[in-house]
There are 2 protein chains.
Amino acid sequence: MVKDELDRKILCYLKENSRASYAQIGREIGLSASAVGERIQRLEETEVIKGYKTLIDPKKMGLSVSAYILMSLESKNFHSFVEIMKDYPEIEHCSRVTGENCLIMKINVKDSGHLQKFIDRLAKHGNPSTQVILSDLITN
Amino acid sequence: MVKDELDRKILCYLKENSRASYAQIGREIGLSASAVGERIQRLEETEVIKGYKTLIDPKKMGLSVSAYILMSLESKNFHSFVEIMKDYPEIEHCSRVTGENCLIMKINVKDSGHLQKFIDRLAKHGNPSTQVILSDLITN
DNA sequence: ATTGAAACTTATCCACT
DNA sequence: AGTGGATAAGTTTCAAT
């Protein structure tokens, strides 16, 4: 899948600037644009590359409060909640983690009122524990 | 900054596919490529758009264990640790959250041995509490 | 697996609106 | 603030290696 140093260089470059052109990457690593294109196509097909995302500032979209919520669920509710959760637009990402049916999610909400409503909604299904984000120190 | 529905449509589209061409986005929302380009340039300048990232599967890079680590630090160590931490390649992202000098970070490591070493390194500065990721349920 | 050429598509600039 | 035309740059495909 990731064959050699050139693949790693391409991924390293794309990671931080997914809008870079093949030509630009090629100049950087000493390869023709078409070779870069073919390598990237292979990395996409083998799902080494899982997508190209744009980082948008939630604050500038009117979502001024971000938080991590840790939540444990009863076993019987777990899978139904996971389905319900997919329709919550507040959730930026969510992972299942070790511990008794535990989830960690990152959310973006308008304000503390919205946060409260969101927590109340979660509390119907489990025990959410919230930690509001003060600042992002590292973002890769 | 985000002026109207067209801006929101552009951001919504770019969010999930940051490699889309201006022409392609223009076709989608009924605008010329040059108009799309000008809007995106403005969204970049006003930092509504904070970057274009490629999602790479850590497992396919030989990083088979991912985890969230919650960590509280002593007040006097906090800022020096934040500087040290910036050189840890294992950290994918890290946020300061409410609570006594608390951090939440997401990390990717090779295996459980690597995880142990990493936790030991953190433990010199504070009290890390680790939750290994079993699966990603939502990724936006 | 990489190159370079050909054919096609896109980006960027600018005059016009 | 958007359009459309012109030009430079980029993408994609493919034969050759």
Side-chain angles (χ1 to χ4, degrees), chain A residues 1-64 89 92 108 110 139-140, chain B residues 1-64 89 92 108 110 139-140:
Chain A
M1 319 218 207
V2 182
K3 291 190 309 180
D4 55 18
E5 194 53 31
L6 284 172
D7 273 7
R8 277 188 288 275
K9 279 184 182 170
I10 290 171
L11 289 169
C12 178
Y13 201 84
L14 270 181
K15 190 175 161 66
E16 298 308 313
N17 179 14
S18 60
R19 284 190 70 82
S21 70
Y22 297 163
Q24 192 179 339
I25 297 168
R27 269 177 246 121
E28 210 75 28
I29 66 171
L31 215 57
S32 67
S34 47
V36 172
E38 279 171 35
R39 276 172 179 265
I40 289 176
Q41 198 185 339
R42 180 176 42 74
L43 292 166
E44 288 170 352
E45 283 163 358
T46 57
E47 288 178 298
V48 175
I49 291 173
K50 290 169 74 185
Y52 301 103
K53 301 276 181 174
T54 299
L55 233 70
I56 296 162
D57 189 341
K59 292 205 181 358
K60 301 211 168 135
M61 298 295 284
L63 301 167
S64 63
E92 187 182 316
N108 300 303
K110 283 203 288 289
T139 322
N140 287 328
Chain B
M1 319 217 207
V2 182
K3 291 190 309 180
D4 54 19
E5 195 54 31
L6 284 172
D7 273 7
R8 277 187 288 275
K9 280 183 181 170
I10 290 171
L11 290 169
C12 178
Y13 200 85
L14 271 180
K15 189 175 162 66
E16 297 310 312
N17 179 13
S18 60
R19 282 189 72 80
S21 69
Y22 297 164
Q24 192 179 338
I25 298 167
R27 268 177 246 120
E28 209 74 29
I29 66 171
L31 216 56
S32 67
S34 48
V36 172
E38 280 171 33
R39 278 172 178 265
I40 289 177
Q41 200 185 339
R42 180 175 42 75
L43 292 166
E44 287 169 353
E45 283 164 358
T46 57
E47 289 177 297
V48 175
I49 291 173
K50 290 168 74 183
Y52 301 102
K53 303 276 182 174
T54 298
L55 235 69
I56 296 161
D57 189 340
K59 293 204 180 0
K60 300 210 166 136
M61 298 295 285
L63 301 167
S64 63
E92 186 182 314
N108 299 303
K110 284 203 287 288
T139 322
N140 288 327

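Quick caveat: nothing in here was measured; it's all calculated off a predicted structure. Below, chain A is the first sequence line, B the second, and so on; all start at residue 1.
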| request: Can you figure out which of D:dG10, D:dG2, C:dT3 approaches the side chain of A:Ser32 most closely? | output: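 Nearest to the side chain of A:Ser32 among the choices is C:dT3.
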| said: Counting only side-chain heavy atoms from C-beta out, which of C:dT10, D:dG2, C:dT3 sits nearest to A:Ala35? | reply: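 Nearest nucleotide to the side chain: C:dT3.
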| query | Residues two or more places apart in sequence or in another chain: which of them pass side chain to side chain contact (heavy atoms under 4.5 Å, CB included) with B:Lys15? | reply | A:Ile56
| message | I want to check one thing: is the phosphate of D:dG10, taken as OP1 and OP2, less than 4.0 Å away from some side-chain N or O of B:Arg19? | response | no
| message | Strictly below 4.0 Å: does B:Arg39 bring a side-chain N or O up to OP1 or OP2 of D:dG2? | response |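 Yes, because at least one side-chain N or O of B:Arg39 sits under 4.0 Å from OP1 or OP2 of D:dG2.
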Closest approach of [X] and [Y], non-hydrogen atoms and distance?
X	Y	answer
B:Glu47	B:Lys50	O-CG, 3.7 Å
B:Leu14	A:Thr54	O-OG1, 2.8 Å
A:Asp7	A:Met1	OD2-O, 3.5 Å
A:Ser64	A:Lys110	OG-O, 2.6 Å

For the pair made of [atom1] in [X] and [atom2] in [N], what is the distance, rounded to whole Å?
X	N	atom1	atom2	answer
B:Ile40	D:dG2	CD1	P	12 Å
A:Leu31	D:dT11	CG	P	13 Å
B:Asp4	D:dA1	CG	P	10 Å
A:Ile25	D:dT12	CD1	P	12 Å
A:Leu6	C:dT2	CG	P	7 Å

| Atom pair CD1/CZ of B:Ile40 and A:Arg19 - distance to nearest 0.5 Å |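 Reported to 0.5 Å precision, the distance equals 5.5 Å.
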| said: So that I can tick it off, tell me whether B:Arg8 and B:Glu5 are bridged by a salt bridge, with the cut-off set at under 4.0 angstrom between side-chain N and carboxylate O. | reply: yes
| Quick one: are B:Asn108 and B:Met61 in side-chain contact, heavy atoms under 4.5 Å? | no
| If each of B:Lys3 and A:Gln24 is mapped to the nucleotide of DNA chain D with the nearest heavy atom, which maps nearer the 5' terminus, i.e. the 5' end? | B:Lys3
| query | Which of residues 44-56 of chain A have a heavy atom under 4.0 Å from DNA chain D? | reply |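 Result for residues 44-56 of chain A: none.
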| query | Angle, rounded to 10°, between the helical axes spanning five pairs at each terminus of the helix from C:dA1-D:dT17 to C:dT17-D:dA1? | reply | 30°
| When we call it a touch if two heavy atoms are under 4.0 Å apart, what does A:Arg42 touch: a base, just sugar-phosphate, or nothing? | nothing
| message | Could you work out, with salt bridge (charged side-chain N to carboxylate O under 4.0 Å, His left out) as the rule, every residue matching B:Glu16, not counting sequence neighbours? | response | A:Lys53
| remark: Of B:Glu38, B:Glu44, B:Arg39, the one forming a side chain to side chain contact (heavy atoms under 4.5 Å, CB included) with B:Arg42 is B:Arg39
What nitrogen or oxygen pairs link the protein and nucleotides 12-14 of chain C at under 3.5 Å?
none

When the side chains of residues 20-29 of chain A are checked against the rest of the protein, which donor-acceptor pairs come out under 3.5 Å, sequence neighbours left out?
from    : atom 1 : to      : atom 2 : distance (Å)
A:Ser21 : OG     : A:Gln24 : N      : 3.0
A:Gln24 : NE2    : A:Tyr13 : OH     : 3.3

